[in-house]
Every structure is written in C-alpha cells, then in structure tokens.
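Here is the structure we will look at.
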Amino acid sequence: MGKGHVALVGAGPGHPGLLTQRAKGLIEQADVIVYDRLVSPRILLHARPEALLVYAGKQAACHAMPQRDIEATLIELSHRFDLVVRLKGGDPYVFGRGAEEAEALLRHGVSWEVVPGVTSAVAVPAFAGVPVTIRGVSRSFAVATGHAEDGAIEHAASAKADTLVLLMGVKELGRIARLLVERGVSPETPGVIVEWGTRSRQRKAKGRLGELAEVAKREGIGAPAVIVIGDAVKASGDLAWYETLPRFGDRVAVVASTKQEALKAAEELEAQGAEVGLFTWDLGYRVNRWELTLAVERAVSGAAVGIAFRTTLAVESWFCALAERGVDLRRLSQVRFAALDGYVADAIRRLGIDPDARTLGEIARQKVDEWWVEEVPDVPAERDVYAACRASGAEVRTLALLERRSLPEAPDAVTPHVRTLADVMREWVNEGAINEVLGYGDVQVLRPLGLAYGLEQAIRRADRFAREAERQVCGA
Ligand code: SAH
C-alpha cells in the first residue's frame with residue numbers, strides 16, 4: 001500500500017491573507033499539488049519550486065480532468081509521493097466535491113485529512129461589504145448551488161433563511177429568480193452579485209431580485225460570482241471597505257531575486273489593496289550544487305579569490321553552503337566580495353560581511369589571484385565587470401550557480417496536466433493589465449527575468465521599474 005498522505009485543503013477565495021496557517025504549511029511542504037481553476041496563482045506561489053503542480057481545473061461545462069480521474073490520480077500519487085495536497089478554492093466541503101474525494105481515499109486505505117478553508121460563500125460577500133447575518137435584519141443564511149436542475153433553489157427557498165447565498169448561479173440567474181419568486185420570495189428583495197471576490201478583479205452589481213439577472217447581464221458580470229439575496233444587502237449599504245483601499249484593483253508585478261524578498265515587498269502592497277504577482281529566479285531555477293561546492297572549496301582553500309555576486313539567491317545559497325559545512329567565517333578573511341547592486345550588497349551585509357567592492361573601480365583595485373563572476377541565465381555577461389576583474393590582474397572565471405529546475409517524474413496520465421510555477425505566473429500575467437512593475441535589484445539582471453514571464457509589455461510601460469532598479473546598479 002501507499003506510504004503517502006493526502007490533504008484536502010481549502011485555498012480560500014483568492015486573497016493571500018485568507019489562506020489558513022495549516023493550508024500554507026501544507027502547501028509549503030507538498031511534493032505534489034493537485035489544484036483547481038479557482039485557486040489563485042498567488043496561493044500556489046507558496047509551493048516549493050520543485051513540487052509537482054497538477055492542474056485539475058474545472059471550467060463550467062469543460063472539465064479538464066473528470067472527477068473519477070481526479071480521485072484515481074490522488075490515489076496513484078499517494079503511492080509515489082509523501083505529501084499530496086489536493087487544493088480547492090474556498091472550502092473543500094462547500095461544493096468542491098471534497099466529500100467524494102475523501103471517500104475515495106478512505107476506500108483505498110490512503111492516509112488523509114481535510115483542512116477547511118475560508119469559503120467564498122461568506123468571504124466574498126464580506127469583501128463586497130455584505131455581512132450574511134446582521135442582528136435584527138438577518139438571523140439565518142442558507143448557501144445553495146445555483147445549478148437549478150438540482151432542486152437546490154426550491155430547497156433553499158423553503159428553508160426560508162433571511163439571507164440566501166448562491167454559488168455557481170450567474171448563468172442561471174434569470175431562472176433562479178423566477179423559481180424563488182414562485183416560492184414566495186418577493187421580487188423586490190435586494191440582491192447583489194459579486195464577481196471574482198477578494199481578487200483585484202472584484203466587481204459587483206446590485207439590484208432587486210426581479211431585475212438582478214438583467215443588471216448582471218448589462219454590467220457584463222459573469223462567473224465566478226457569489227449572489228446574495230436578502231435584506232442584509234440593503235441594510236449593509238455602507239460596509240464596503242476592500243474596494244476603498246488606496247490600491248484596490250491594481251495589479252503589481254514584483255520582480256526580485258528570491259521569493260522571500262518578493263514576498264516582503266508584496267505584503268506592503270497587499271495591505272494597501274493591490275494584487276501582487278511575484279517573479280523571481282528561484283521559481284524556475286535552482287542552485288547548482290556542484291558549482292556551489294567548487295566555489296566554497298576555493299574560498300576555504302586559503303587562495304586569494306574574489307567572488308562577484310549578481311543575485312541575492314546566489315549569496316544566500318553560498319552562505320548556506322558554508323554553514324552546512326560548518327565553515328567558520330573567519331577562514332574567509334582573504335576572500336573578496338563584490339556586490340553588483342545594492343540589494344546584493346545588503347544580502348552580504350546581513351550575513352555579517354561588508355562587501356569589498358561595490359563599483360568597477362573597487363573591483364579593479366582588489367588584490368586577488370582569481371575573480372569568480374556569477375553568471376545569470378539569459379543575462380548577457382557584463383563586459384565591464386569582466387574587464388574590471390581582469391584589470392585587477394586576476395584570472396577571471398564564471399560561476400554559473402543557477403540552473404533550470406527539473407521536476408519530479410509524473411505518472412503518464414497526469415503529464416498533460418502538469419504545470420510549472422512559471423506557467424502559473426504567466427497565466428497571472430495574461431489575466432489582466434498590470435499597473436506597475438517593481439524591480440528589486442540590478443535592472444540588467446531583472447529585465448530578462450521579467451521577460452521570461454511575459455512581462456515585456458508591462459515593463460515597457462512601467463518606467464518606475466527602470467528607475468527603482470537602476471538606482472541599485474553597481475556604482476550608481
Ligand atoms: N469550495 C468553494 C466553492 C466551489 S463552487 C468555496 O467554498 O468557496 C465554485 C463557485 O464558488 C463559483 O462558481 C462561485 O460561485 C464561487 N466562488 C469561488 N471563489 C469565488 C470568488 N473569488 N469570487 C466569486 N465567487 C467565487
């Protein structure tokens with residue numbers, strides 16, 4: 001029998017702050033993540049770059065992977081991997097077919113657990129300013145699927161809840177409204193329809209039940225959307241807050257060397273209401289252990305070497321490697337460090353070493369026998385830097401620390417559904433206009449990184465990218 005564990009995890013409605021601690025922890029550890037269409041790319045960014053991402057996306061009427069295949073896939077993956085995360089939008093047991101998957105796992109003796117998520121049924125109205133209960137106005141709420149043929153609407157109407165929340169109901173809204181009116185709900189009841197709640201694309205339209213379908217059509221509001229019907233919609237007139245944040249609706253691309261750096265920048269922007277996409281070297285590349293070992297060996301050999309770092313990813317990996325081998329930093333007294341931009345210099349300083357060279361002139365003045373210059377994939381070798389290194393009288397070598405990541409092998413049936421984090425972020429780029437691109441590092445290093453993700457147009461429009469990044473370039 002399999003050794004693996006499967007976690008059915010709720011990813012929440014999209015906003016990164018609505019991911020539970022347990023969900024985040026499991027995503028960070030997962031070997032495989034099988035995710036749905038409504039899981040936002042920002043949530044997937046917590047995955048280890050070497051995790052296998054499997055898109056089981058369902059789109060209305062167009063199932064990427066049939067439900068039975070998903071169940072079989074989870075079982076098969078549990079035989080091959082230690083931790084499989086089945087990631088679903090919102091809560092796994094709210095219209096996510098989580099129960100069926102749990103039962104299949106149970107039947108096959110697979111170890112499993114469920115991690116509840118923040119359901120869109122409650123969170124999306126809240127982000128649009130509508131509480132589902134309000135003392136004295138709404139003392140009960142019902143959540144139903146809008147698939148009218150299920151009889152769900154009739155059931156929900158008979159429950160006579162004060163507030164009715166409908167998921168998957170936009171397309172059928174006209175019919176749903178008629179059914180509700182037939183069951184005694186007044187066509188004058190206030191309603192709201194909220195599209196892409198908690199995301200930058202959040203939009204809403206209000207109207208009375210009798211006209212809501214028309215309003216939605218006129219405003220072009222479509223799936224995914226949550227529909228709320230009841231007096232709570234009117235009573236909560238002034239409770240919109242998310243849409244009033246200064247950067248609500250903005251999509252910002254943060255381009256940086258490491259995910260950790262990018263996440264730090266993202267948090268501030270997100271607190272102001274922006275939606276942030278992260279684009280970093282460590283999404284698609286990993287550090288070449290062999291080169292790393294080589295560089296560490298040279299440094300501790302006592303030779304007079306200099307290392308010119310271009311990415312904070314390389315700085316951090318290199319120092320990690322030293323720590324792993326238990327190297328006392330005092331043994332590096334003869335090693336010279338050059339930082340080719342301000343962020344890299346800061347990363348070296350954080351590790352307790354003041355960089356010896358920040359400018360080409362300083363590089364040329366170092367007394368070293370050999371300079372190792374970090375080469376970054378797709379980034380043209382900077383002739384100036386090599387020239388400065390040679391001017392110091394040293395031999396110049398390249399340090400190619402970053403190499404493209406290879407992913408674990410997937411079962412054949414799953415292969416067509418495998419995505420990389422780079423694919424996921426490219427999809428984010430294509431989801432809509434990007435208002436701003438912020439670069440954290442040397443613009444020469446970051447530009448190719450941005451281009452690899454399809455940020456070309458956004459970068460061209462965003463002069464702030466150039467300005468922010470340029471400030472940090474060597475010698476500036
Ligand atoms: N398990 C999910 C629901 C899955 S059914 C949950 O608990 O939220 C899919 C439906 O959920 C969509 O058709 C839509 O009605 C709703 N939905 C999910 N995320 C949404 C979002 N960010 N904005 C609006 N509706 C959303």
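For ligands, and for the atoms within them, numbers begin at 1 and follow the listed sequence. The structure displayed is predicted, hence computed values, not measured ones.
Here the protein heavy atom with the shortest distance to atom 15 (O) of ligand 1 is A225 O, 2.6 Å. Looking only at heavy atoms of the protein, atom 23 (N) of ligand 1 is closest to G197 N, 2.7 Å. Protein heavy atom nearest atom 18 (C) of ligand 1, with residue, atom name and distance: S120 OG, 3.3 Å. For atom 2 (C) of ligand 1, the nearest non-hydrogen atom of the protein is G89 O, 3.2 Å. Of the protein's heavy atoms, M168 CG, 3.2 Å lies nearest to atom 13 (O) of ligand 1. Closest to atom 3 (C) of ligand 1 among all protein heavy atoms lies V94 O, 3.4 Å.
Note: F319 and F309 have tilted aromatic rings, judged against thresholds of 30 and 60 degrees for the angle between ring planes. Between Y343 and Y440, the ring-plane angle classifies as perpendicular under the 30° and 60° cut-offs.
Annotation: P13 places an N or O atom under 3.5 Å from an N or O atom of ligand 1; distance criterion only. Checked against a 3.5 angstrom limit, the closest N/O atoms of E195 and ligand 1 fall outside it.
Open room surrounds CG on D412; 12 or fewer heavy atoms of other groups in view lie less than 6.0 Å from it.
For atom 24 (C) of ligand 1, the nearest non-hydrogen atom from the set P116, G90, P224 comes from P224.
Residue contact annotation: T198 has no non-hydrogen atom under 4.0 Å from ligand 1. Judged by the shortest distance from any of its heavy atoms, A223 lies outside the 4.0 Å radius around the atoms of ligand 1.
Between E113 and L8, every side-chain heavy-atom pair lies at or beyond the 4.5 Å cut-off. With a 4.5 Å cut-off on side-chain heavy atoms, I348 and V315 count as touching.
Between F127 and W241, the ring center distance clears the sub-6.0 Å criterion.
In summary, the atoms of ligand 1 found under 4.0 Å from a heavy atom of V194, numbered by their order in the structure, are 24 (C).
In this model, no donor atom of one side chain and acceptor atom of the other lie less than 3.5 Å apart for R419 and Y55.
Both cation-pi conditions hold for R251 and W428: the charged atom is under 6.0 angstrom from the six-membered ring centre and inside a 45 degree cone around its axis.
Take S236 and apply the side-chain contact (heavy atoms from CB on, under 4.5 Å) test, not counting sequence neighbours, and it matches V130, P131, I134, L239.
Residue-level proximity to ligand 1 for V124 is carried by the side chain, the only part with a heavy atom below 4.0 angstrom.
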